[in-house]
Amino acid sequence: MGSGPGGLQLSYSLSRLGIDHAVISDDPAPGGMFRRWPVFQRMLSWTKPFTGVERHERAYERFDWNSLLADEASNRAVMPALMDGTSYFPSRPEMQKGLETFAERTGIRVRFGCRWESTKVIPSPARGGGQGGGQDFVLTTSDGEYRAPVVVFAVGVAQPYRPPIPGLDQVPHYGDFRPVETYKDKRIFIVGKQNSGFEIATGLLPWARQLVLASPSPTKLSVNTHTLVGVRARYVQPYEDAALAGGVVILDTTIEEVKKDGAGYLVRTRNAAGEELSVPADDVIAATGFVTPLRDLPELGVKTFGQSRLPAQTPFWESATMQGLFFAGTVTQGAAGLKKHGIPSNSGAVQGYRYNARVLARHLAETKFGIPATRERLDAAALLPYLLEQVSRGPELWHQRAYLARVINLDRDTGITNEGIVPLQSFLDSAGGDAVAATLESNGQGNPYPVFYVRKDGSVAEHPLAPHPLLDFTGRDYQDELRARLEPVLSRAASPA
Amino acid sequence: MAVRDDVVNTIAAFSLFADLTGPQLEEVAHLFDESFFGQGERILRQGVTGSGFYIILEGTAGIRVDNVDRSVLKAGDYFGEISCLLGEVPVSDIVAETPLRCLVLPATQLEGFLTKHPRIMYRLLQGEARKLKNTTKWLS
């Protein structure tokens, strides 16, 4: 369900594994939310044109946050070829074009204009001479019923949300933003101090007479958190304006009430010390976020949490409370992973969730459709350079730190095999033979650093390596340390019985 | 993950926040993230770095040391503070016994949070004192 980047990536990956599936979408064409937003028509995620890496190489994905993933070189790095070179942040139309181009080139088939209306679960019939006994999902749509043992919802976090503040339901939401010139010489009150609020404030700087942004907690900035948590650098100009007392006002207050006042509004606020302040404004905009449009899934048993009403998920993006029902795209941020040092995954953004979709396709192939993945054998002598190359240049590890890991099985009987990319949480919490999981991690204070989790005799030990100023972990020091860390398991796996 | 609107009402009943006014509760609630864990899922892992300070909103969790269940935590209880305060890895697993909804604060933010809210720090100290008393009783 869904034809945004998450749905497209999953469909591509399922097709590559030979899994029959249908994609349905309420939209008329590919792109999802990027067919409309961001309102100021430029992405927050970059695609670097010059990187020292060929664009068809896997390593280029680290610098290109916007292209979907393809196995064949000709369909990789679609975005940089479409961008006009004026910014390394693609425009919204360029992003939409990129997604349409990927879908067209890779032959993704979507039934557009097909509205999902309701969902039910029924016992599955016997298949292939079997007894049945499982369950099927039936989706009722505007084009009839679809029935399948597995459903994946890539529906975005796209339904405008307003917190229950008296009067806030009467004001426009971020998604209802008018043409910018209609805000000329007006006093604008923006409820919300995250990226959407600051995006609007940045766009209104040359138009508005006064801008006030308010929410209960202080603003975080991505340059301070060293993550995508917080307002991105593109949008901090209003923050500087406020810091230099240029006229923008940023308040850490609750919004008690929004009241009509003549042709405008009066916004009543209260800070943590209990002090009230009423602010007159010509326009009020609710930049208060979005929720996940799950329709009847909560009544079916899908548990949600947080302000965005994200579905709670297992490490492989299955509903934590409803088996067989999976998620893709930005909704996969509901599978939080370890959140080490408080740092979330990048599953909310294309550069993160495109890898989740590929891992999910393989997981579905193996666990639901009996299609085993190929696990290539590795030579013991090649293992250390391979692992250090992965933590230095493997795009999955760079974009999904402490969330996805490269796992190598170090089996005493069968030798060394490449398990592929796996959710780190799944590796840590599953039983298994001797193995190593390689990942990159950040602690919010400096450069990322490689971490190797070594499982020996059922117990896992964590081995962080030092960060490197040039982010290259392939040198002799790293080889020596990793050799020492792996020696206890490697010596037993290198010579299979 | 930003918290749901009902969190302020929920935490108003917790002893840790008993001294806060409405606006203070609102501010505090939005400093935390909200997390959800399925039944059987691990929240803290014995010996693994980078954990945080958790407060249970709904559900129950078990404290497991070296694969042995030791105690049960419920709504209003908190965990992870010892490893955050000492800057060390957790000495136990915390496992969701039921679907579990929590507030979470990264370890790096706990010191600033407690020093800014001395009444919460005092309530947390009372909680630690109770844990110490129970442990002493159990040992003797």
Side-chain angles (χ1 to χ4, degrees), chain A residues 161 163-165 194 215-218 225 229 252-254 256 269-276 288-289 303-315 318-321 333-336 338-344 348 402 425 428-429 441-445 451 453 459-462 464, chain B residues 1-8 20-54 57-59 66-67 80 84 89 93 95-96 98-110 112 116-117:
Chain A
Y161 168 75
I165 294 168
Q194 299 192 37
S215 69
S217 306
T225 65
V229 174
D252 297 336
T253 58
T254 57
E256 302 285 303
T269 71
R270 190 196 299 265
N271 69 12
E275 297 159 347
E276 278 206 19
T288 44
K303 183 86 178 166
T304 66
F305 71 103
Q307 190 196 59
S308 300
R309 307 293 192 273
L310 286 165
Q313 294 159 57
T314 70
E318 188 171 14
S319 164
T321 51
Q333 60 190 295
L338 273 68
K339 278 189 83 170
K340 290 188 74 173
H341 308 285
I343 296 174
Q425 183 182 358
L428 291 178
D429 293 343
E441 296 190 4
S442 301
N443 58 18
Q445 287 162 0
V451 181
Y453 295 86
S459 295
V460 176
E462 176 187 359
Chain B
M1 211 52 53
V3 299
R4 213 163 68 189
D5 312 312
D6 63 351
V7 162
V8 175
L20 301 193
T21 64
Q24 287 170 329
L25 280 170
E26 187 91 34
E27 186 210 10
V28 163
H30 288 90
L31 293 173
F32 284 80
D33 277 339
E34 187 177 325
S35 290
F36 184 92
F37 302 91
Q39 188 172 1
E41 195 174 340
R42 280 203 291 179
I43 302 109
L44 293 192
R45 292 164 185 79
Q46 190 174 345
V48 174
T49 64
S51 61
F53 173 57
Y54 291 79
L57 292 171
E58 292 171 30
D66 296 330
N67 293 318
C84 294
V89 295
D93 282 346
V95 184
T98 66
L100 190 75
R101 198 175 150 219
C102 293
L103 292 180
V104 57
L105 194 71
T108 48
Q109 292 175 29
L110 185 61
K116 191 178 171 200
H117 299 96

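Quick note on labels: first sequence line is chain A, next is B, and so on, each numbered from 1.
Highest contact tally toward chain B, considering only A:Leu428, A:Asn443, A:Val451, is held by A:Leu428 [criterion: heavy-atom pairs under 4.5 Å].
With a 4.5 angstrom heavy-atom cutoff, B:Gln24 touches chain A via backbone and side-chain atoms both. For chain B, the nearby part of A:Gln445 is the side chain; its heavy atoms alone come within less than 4.5 Å. Only the side chain of A:Pro218 comes within contact range of chain B, with heavy atoms under 4.5 Å apart. Contacts between A:Ala336 and chain B at a heavy-atom distance below 4.5 Å are absent for every atom of the residue. Interface remark: B:Gln46 contributes no atoms to any contact with chain A (heavy atom separation under 4.5 Å).
More than 12 heavy atoms of other residues, nucleotides or ligands shown are found within 6.0 angstrom of CD on B:Glu26.
Heavy atoms only, all atoms of each residue included: A:Asp252 and A:Asn271 are closest at O-CB, 3.9 Å.
Ionic pairing of B:Arg45 and B:Asp93 is not present here: no N-O contact between side-chain nitrogen and carboxylate oxygen is shorter than 4.0 angstrom. Salt-bridge annotation for A:Glu275 and A:Arg270: absent, with no side-chain N of the basic residue lying under 4.0 Å from a carboxylate O of the acidic one.
Here the straight-line distance linking atom NE2 of B:His117 with atom CG of B:Leu31 works out to 6.5 Å at 0.5 Å rounding.
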